Structures are given as structure tokens and as C-alpha cells.
Amino acid sequence: MSTNPAIRVRIAPSPTGPLHIGTARTALFNLLHARHVGGTFVLRLEDTDVARSTEAHERDILEGLHWLGITWDEGPGVGAGGDDVGPYPPYRQMQRLPTYAEAARRLLEADRAYPCYCTPDELEADRRAQEAAKEAPRYVGRCASLTPGERAAREAEGRPAAIRFRVRPGIVGWDDLVRDRVEIDTANLGGDFVIVRSDGTPLYHFTVVVDDAAMAVSHVIRGEDHISNTPKHILLFEALGHGVPVFGHLPLILNPDGTKMSKRKSQTAVADYRAQGFLREALVNYLAFLGWSPGVEGEDVLSLDELIERFDITKVQKGGAKFDRTRLEWLNGQWIRRLDDEDLVDRLRPFVLAGHERGELDRVPGDDELRTLLPLVRDRLPTLAAIVELVGFLWVDEVRPDPADLVPKRWDAATAREGLRAAREALLAHDAVTWEADELEPPLRALAETRGWKAGDLFMAIRVAVTGRTATPPLFDTLVAVGRE
RNA sequence: GCCCCCAUCGUCUAGAGGCCUAGGACGCCACCCUUUCAAGGUGGAGAUCAGGGGUUCGAAUCCCCUUGGGGGUACCA
């Protein structure tokens, strides 16, 4: 694919929480678009909310994206001491403070912004008054036209000043990549908005524009929840004398009840899906199909490369998509079946180890043992973590079956006892059989026949006695795996 | 409240005015395979394209209204 230096997209996560499924989806769509057109994918950390940002979250986000295979061309180095990669460093906003200060100074100088000395109490009072009058909340403009003298007076009082951006009247519009023309009257923006806090730290709407301009971002692909913010950003780009990028607003991922996906109602942390044994391939595949599809029948299971090849940002759906875990699980199964043996063993290992650490397993199988089990488990694993539930009995010292399960429906307890005794004798008492699946079956079928039992009932009694479960991989393979002893 | 966005099977979607008696996938149901559970195969139920008006010879597709849903309304991001 040819490269296209004019196309630059970015993902700008805020390390105020673990990597969110929605952030991963936005990152993925940016990556798909960038890779499809040969553009550059930038990662920038928006850590100006110092109170809520943590290094642990930052690590979770960076590692999570890497795990998914969502890799960036430019961005911060991984880890606190890591070096930035790319021509527009730094890529952490807290290290870009001088850039924002300079941009704010220019805006102030051009009178596109002004210092605001309003106190929180004043602002709160304004808001209440507006609410009482059933008016939309907006900044009243108390400090918008202060004379130099008035400003000096306030400075002399030692009142801290925030910086507000002057919102010009008129309509701001743009041609959105996914929803065509959008136009918003700046009268609905809530008045002049704050771009720098009174403590001197810059706010999101400001930093995002300063950085996108500085980093030459050409396409801003983000969630639909930013549509109403876009006019503010466009105004800022213009005031800064910078060209306005192309915007594309993706539909939201929704909770089952149709509201914006949230931690409260859904599992949103990518790390949790990973810990439950979802494959990166499945997650990426699933996420890509939330709001987009290649529109070709039979193309349901696609790799990242295949997605990149087919992706078209203008074909993205406008309406939100509910997160359907069942479908994710189906895709996960599809991908598990596509993995080759070595790969599957590698990915299974951590989950077996985890089962051991939780005390559910008495011992940990080696890679060879795991590998021989693959034909038995591959088609039966909805997730990697399910390995413990599926065949954990193999690595447990003592199996304790539920007595109720031990007796097949058509049998009574005495028959079950007798059946198990006879089966044991048939298989263990003599050296007649070698311990291989093919060798085990005939004697047991013969036994069932002579006693007039249904083979299935006999098999079930044995299954439960040996594994403690009513659902297992095929019995004779299972017996072989358990071993003669 | 105000502003904005959206609307095709339960869910994800195909659909760019005639190819639509609306297609696929997940899920569901049945059957086949089968020692259980899966996987796989075959078939089925499931959407009067939110409703109503237009435009057009012709509308799921274009326009308007209504309804419904969602998002935003911070010195959060």
C-alpha cells in the first residue's frame, strides 16, 4: 500500500481509567482508516486532568492497545522513562504546557480571548438564575468587556483569572465523514468558554485543538459524543490561524438498554475481556463490526489485515450499536479454532496457571500435555479461560462427583454401582486392553449389551465418576487423558 | 428546558429510487451427526423497513412533520 503523508489521524486517550472498550474501538477505527489510506497514526496522552490521571491507567491503556495489535506510528514511549517517537514531541499533554501557554498568549494578544475573574460563587449564582428563568445555562459575559483599568483593579485584589475564548456569533458547520453536513449555531454553545483554568492549567477543548494543530492532524475520528463540541474546536482552529481538520463522528457503543456504554451497566475494561480469555483477534473483529461492515456475505470473520484492506470510513453506520457479548463469544470461538497448535498452547498456558493460582487446580500441565489435549478441547472452548472448567478435572487430585449425577436417568443407585464395578473390571482387571481410546470402547459396549444397558447410560455413569461432570469431551479420549492409574 | 445526532428481524448489519416477495450473521427452534457437551451440516420462525404526509411512473432508499431513542449542555475528558 502506498503511503500518504497528508493523512494523519490520532487517538487521544485520557489516563483517568483503564482502557475502555469505546476507546479501543475509536482507536481501531482510526488505525483502520490510517492503514487503509497509508496515513500516519498518532497516539497522544491527554493527562491534564491531574487529579484523576494515574500512571497505572496509562500503562493499562498503552499495553491494552498493544495487546490488541493497535500500534501507533508516533507517540509517547512506553513507561515513564520511555522516549517519544515522532516529529512532534512530546506526546503527553502535561509536558506540552508551554505550548498551550504560548497559544493562550497569542489568543489574549489578539483579543480572541480574555481573562475572566468571575468566582465560582458568581458563576453558580448565574446558573441558578438562568435555571429559575428557564433559560439555557451560558456565561453571562461579565468579564468580556472589562477595561484595562478594571482588569488591573481585579489583579490588584489578587483575584485569579481564568481565560475565556470569545465565541463569535454565527453558524459553524462541517462536512462530517460519517454524517454529511452538520451545522450548529454558536448561540447554543453556552457563551464564551474557559480554555485555561484560573490555576493556569489548560482545558480539554483548548489542548485538543492546539495539539491537533501542532501535530498536523488531518482527520479527527472520534465518538459521536463530541459532535456538540466540534463547533468550539472549529472556532479555536480558526482563531489559532490553523486549517480545520476533517471530522468523522463514530456512532456510540451502547449498553443493552440503549444508553451510552458505561462501567455501571456493561463490562467496559479491555483488560477484563482479556482476563476472561477473549482473543485479541476476536475483540478487534467484533469491535470493527460495531458500526461498520464490509457489506459482503460470508465475510464475518476477518483479521486485522483483512479489516484494513476493506475498511471505508464513509460506510460507517450513523446509529449507535448495542454491545452483544454473545456474538463476541461466537467470534472468539471462531478465532480459537483458527489458531495453530503452538499458538493455542501459548495462549492457554496463562489461564491454566491462573486456575492453579486460584487453587482450582492441584497441578499444572506441561506444554506437551496441553498440546495432546487440543483436539479434545478446541471445538469446546468459548473462551481460553474455559479450559479450567472444561478439563480441569485432569489436574485435580480428587474428583468429587455429585451423587445425583452419578445415576443416569434410567438407572437406580444399585445399577449405577454395579455398572461402575463391572466397567472397572472390564477395563482394569485384565491386561486385555491397552489404554487407548479405540481399545477402551469395545469391551464397554459389549458389557452394556450383555447386561441389557443402554451404552449411553453406562458411559454417563463412568463419565461422572471419573470427571465429576456430565459434560466433557468424548469419554474414551477423556479416559486416556486421565490415565489408567 | 435548550441544542445536536439517530431510527431495517431480539442483536450486529446489507441496502446509494426499479435487482427487495427486504439479503447475511449472532441468537432462537427443529432435524442430521452423536456416549455427554461442543463443533459442523441442513431447514425454519423472525422486520407491514418507527408512524404519517409528500416528491416520483416507481420509495427501505429523496423531502417535511410526528413519535421514539441517544448524545451534549463544566474552571471533566
Side-chain angles (χ1 to χ4, degrees), chain A residues 12-17 46-49 51-53 116 118-120 123 127 130-131 134-139 160-164 176 179 182-185 187-190 193-199 201-205 207-208 223-231 249 251-252 254 256-260 286 289-301 315 317-331 333-334 337 376-382 390 408 441 444-445 448 454-460 462-464 467 469-476 478:
Chain A
S14 179
T16 51
E46 308 217 323
D47 54 357
T48 54
D49 186 348
R52 294 192 298 149
S53 295
C116 172
C118 294
T119 64
L123 263 15
R127 210 180 52 75
Q130 285 159 343
E131 201 171 302
K134 293 204 186 304
E135 286 168 16
R138 70 188 340 268
Y139 177 59
I163 299 177
R164 279 185 192 273
D176 197 278
R179 43 205 92 215
V182 182
E183 293 187 337
I184 295 175
D185 191 329
N188 299 312
L189 260 34
F193 57 91
V194 175
I195 56 176
V196 178
R197 294 184 183 90
S198 50
D199 68 2
T201 57
L203 254 10
Y204 168 74
H205 294 305
T207 59
V208 75
E224 183 185 1
D225 47 348
H226 282 292
I227 289 182
S228 5
N229 295 150
T230 304
H249 289 93
L252 263 19
L254 276 19
D257 67 1
T259 53
K260 180 171 153 184
Y286 179 72
F289 277 70
L290 277 185
W292 176 82
S293 104
V296 178
E297 279 177 26
E299 295 199 343
D300 298 300
V301 185
K315 294 269 197 163
Q317 198 85 8
K318 296 182 183 71
K322 290 177 188 163
F323 193 91
D324 180 5
R325 191 186 170 98
T326 309
R327 194 184 174 85
L328 205 210
E329 283 178 9
W330 172 77
L331 265 177
Q334 292 294 317
R337 274 161 239 143
L376 301 192
V377 301
R378 176 172 259 129
D379 287 347
R380 285 169 244 269
L381 290 173
L390 220 208
E441 185 165 357
L444 288 182
R445 281 203 184 273
K454 290 207 66 168
D457 290 335
L458 210 214
F459 294 171
M460 183 52 88
I462 299 172
R463 166 178 294 112
V464 174
T467 70
R469 293 170 206 236
T470 54
T472 70
L475 181 60
F476 305 107
T478 302

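Throughout, a chain's letter reflects where its sequence line sits, starting with A, and its residues are numbered from 1. What you see is a predicted model; the values in this text were computed from it and never measured.
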| What integer number of Å spans the C1' atoms of B:rG17 and B:rA59? | 6 Å

| Partners of A:Arg378 by side chain to side chain donor-acceptor pair (under 3.5 Å), sequence neighbours excluded? | A:Asp341

| remark: A:Gln130 atom CD is separated from B:rC3 atom P, nearest whole Å, by 16 Å

| Taking CG from A:Leu252 and C1' from B:rC4, how many angstroms apart are they, rounded to a whole number? | 13 Å

| request: Only one of A:Asp225, A:Thr230, A:Val182 passes side chain to side chain contact (heavy atoms under 4.5 Å, CB included) with A:His249; say which it is. | output: A:Thr230

| said: Using the salt bridge (charged side-chain N to carboxylate O under 4.0 Å, His left out) criterion, which residues pair with A:Asp176? Sequence neighbours excluded. | reply: none

| d(CZ, A:Arg138; C1', B:rA74) in whole Å | 15 Å

| field | salt bridge (charged side-chain N to carboxylate O under 4.0 Å, His left out) partners of A:Glu135, counting only residues at least two apart | value | none

| task | Grab the OH-P distance between A:Tyr204 and B:rC75 for me, whole Å please. | result | 16 Å

| request: Identify whether any heavy atom of A:Gly258 sits under 4.0 Å from a base atom; if not, whether one sits that close to sugar-phosphate; answer base, sugar-phosphate or nothing. | output: sugar-phosphate

| Using a cut-off of 4.0 Å on non-hydrogen atoms, how would the nucleic acid contact of A:His205 be classed: base, sugar-phosphate, or nothing? | base

| Spacing of the P atoms in B:rG52 and B:rG41 (rounded, Å) | 41 Å

| request: Only counting residues at least two apart or in another chain, list the ones meeting side chain to side chain donor-acceptor pair (under 3.5 Å) with A:Arg52. | output: A:Asp49

| Which base, if any, makes a Watson-Crick or G-U wobble pair with B:rC49, both distances under 3.5 Å? | none

| Closest nucleotide among B:rC75, B:rG70, B:rC4 to the A:Ile184 side chain | B:rC4

| message | Taking B:rG24 as the reference, what is the distance to B:rC6 when you measure between their P atoms (whole Å, please)? | response | 29 Å

| query | To the nearest Å, how far apart are A:Asp199 CG and B:rC75 C1'? | reply | 8 Å

| field | Separation between the P atoms of B:rG23 and B:rC19, rounded to whole Å | value | 12 Å

| task | May I have the distance from A:Asp49 (atom CG) to B:rA74 (atom C1'), rounded to whole angstrom? | result | 12 Å

| query | Taking side chain as C-beta onward, heavy atoms only, is A:Leu475 less than 4.5 Å from A:Ile462? | reply | yes

| said: With hydrogens left out and only the distance checked, is there a donor-acceptor pair under 3.5 Å joining A:Thr326's side chain and the base of B:rC26? | reply: no

| Identified pairing partner of B:rC2, criterion: Watson-Crick or G-U wobble below 3.5 Å | B:rG72

| remark: Those residues at least two apart in sequence (or on a different chain) that pass side chain to side chain donor-acceptor pair (under 3.5 Å) with A:Arg469 are A:Glu389

| said: Measuring only the C1' atom in each nucleotide, how far is B:rC32 from B:rA7? A whole number of Å is fine. | reply: 40 Å

| With sequence neighbours excluded, what pairs up with A:Tyr204 under the ring pair (Phe, Tyr, Trp, His ring centres under 6.0 Å) test? | A:His226, A:His233

| remark: Readout for nucleotides 29-45 of chain B: B = base within 4.0 Å of protein heavy atom, S = sugar-phosphate only, - = neither; 5' to 3' it is ------BBBBSS-----

| query | P atom, B:rG1 versus B:rC12: distance in rounded Å? | reply | 27 Å

| query | So what does A:Thr201 hit on the nucleic acid, given a heavy-atom distance under 4.0 Å: a base, only sugar-phosphate, or nothing? | reply | nothing

| request: Can you sort out the partners of A:Gln317 under side chain to side chain donor-acceptor pair (under 3.5 Å), two or more places apart, ordered by chain and number? | output: none

| Does any donor atom in the side chain of A:Thr201 or A:Arg197 lie under 3.5 Å from an acceptor atom in the other side chain? | yes

| request: Choose from B:rC75, B:rC6, B:rG70 the nucleotide whose nearest atom is closest to any side-chain atom of A:Arg197. | output: B:rC75

| Where protein sits on nucleotides 7-18 of chain B, one letter per nucleotide: B base, S sugar-phosphate only, - none, heavy atoms under 4.0 Å | ----SBSSSB--

| Expressed in angstrom and rounded to an integer, what is the separation of A:Asp176 atom CG from B:rC6 atom C1'? | 13 Å

| note | Closest to the side chain of A:Lys260, out of B:rG24, B:rG71, B:rC5, is B:rG71

| Euclidean distance, atom CD1 of residue A:Ile227 to atom P of B:rG71 [Å, nearest integer] | 13 Å

| For A:Cys116, which contact category applies under a 4.0 Å heavy-atom criterion: base, sugar-phosphate, or nothing? | nothing

| request: Counting Watson-Crick and G-U wobble pairs only, both distances under 3.5 Å, name the nucleotide matched with B:rA25, or none. | output: B:rU11

| Distance (rounded to the nearest 0.5 Å) between A:His205 NE2 and A:Asn229 CG | 4.0 Å

